[in-house]
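Written below as structure tokens is the structure these notes are about.
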Amino acid sequence: MRWTVLTLFPEVFRPPWSAGLFGKAVEKGILEVDLVNYRDYAEGRHKVVDDTPFGGGSGMVIKVEPVARALLELRTKNPKVHVVLLTPQGALLNQAKVRRLCGHGHLALLCGRYEGVDERIRRLVDEELSIGDYVLSGGEPAAWVLMDAVSRLVPGVLGSEESVCEESFSEGSLLEYPQYTRPREHSGLEVPEILLSGDHQAIARWRRRQALLRTVRRRPELLESLSMTEEERTWLLEQERFEGD
Ligand code: ADE
């Protein structure tokens, strides 16, 4: 998979992509990351990329021309590139969108800055995404989040060779079951007996139930699109008598 990040601050992307699993995937050529500074597409001696808004108001707005030139070059080189603008006004990112994006061979992420981008930039992109209902100072951290969530699904990045892009929506929308490692007891808190039993079938059932319980208690809205067996449904209803998680 290839990533192109269009940003005024390419240097902030180097550390996350040179370390750990992603660094290794880049080394192996499983992931490619190109950093494009749209200042390089600005005109004049001062390479101006932002300007004051028409109609007045505070702050600066990213100009359309440098972004348009950078995107034109990108689309000429690869007409299949899928361009995403990171903005708090975009559609909310979720695991289903992450999986869909994983199907694109080349994603370009456009990071906004300052008080916003010229409205005409929106016409140049394929979609607008937000990573949450809060405002960041720029799109760069949002771009990392998106790159991390999508790249971990690319075969070979996390070790597994098989594609998880197509894993079912239901799998992805269930919260993780609780995990434990040594020691067996810490400050009076014990690892559940079943995990020490060696009974893989029973462990799988326990994990699935814990994932369901955790999801129903913390994020009940995620369960709407999930298929459950009658037995699981009954078990969940029984748990409602108990408090906490
Ligand atoms: N840029 C600023 N805030 C953002 C957010 N919440 N998501 C995506 N891009 C952003």
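One-based numbering, in listed order, for ligands and for the atoms of each. Along the sequence shown, the residues carry numbers beginning at 1.
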- Between His82 and Glu127, is any side-chain donor less than 3.5 angstrom from a side-chain acceptor? yes
- Query: Heavy-atom contact under 4.0 Å between Cys111 and ligand 1?
  - Reply: no
- Query: Under 4.5 Å between any side-chain heavy atoms of Asp50 and Val61, yes or no?
  - Reply: no
- Query: Relative to atom 9 (N) of ligand 1, which among Leu85, Asp133, Thr87 owns the nearest non-hydrogen atom?
  - Reply: Thr87
- Message: Would Gly132 count as being in polar contact with ligand 1, using the rule that some N or O on each side must be under 3.5 angstrom apart?
- Response: yes
- Give a yes-or-no answer on whether the side chains of Glu140 and Thr7 include a donor-acceptor pair shorter than 3.5 Å. yes
- Task: Using a 4.5 Å cut-off on heavy atoms from C-beta on, say whether the side chain of Trp206 contacts that of Pro178.
- Result: yes
- Task: Please check if any side-chain donor atom of Tyr41 sits under 3.5 Å from a side-chain acceptor atom of Glu73, or the reverse.
- Result: yes
- Task: List every atom of ligand 1 that sits less than 4.0 Å from any heavy atom of Leu129, numbering the atoms from 1 in the order shown and giving each element.
- Result: 8 (C)
- Task: Would you check if there is a donor-acceptor pair between the side chains of Arg122 and Gln89 at a distance under 3.5 Å?
- Result: yes
- At what distance is the nearest protein heavy atom to atom 6 (N) of ligand 1, and which residue and atom is it? Tyr134 O, 2.8 Å
- Selection from Leu136, Ile131, Leu110, Leu146 by shortest heavy-atom distance to atom 7 (N) of ligand 1: Ile131
- Protein contact to atom 1 (N) of ligand 1 [nearest heavy atom, distance to 0.1 Å]: Pro88 CD, 3.5 Å
- Message: Applying a heavy-atom cut-off of 4.0 Å, say which part of Ser130 lies close to ligand 1: side chain, backbone, both or neither.
- Response: both
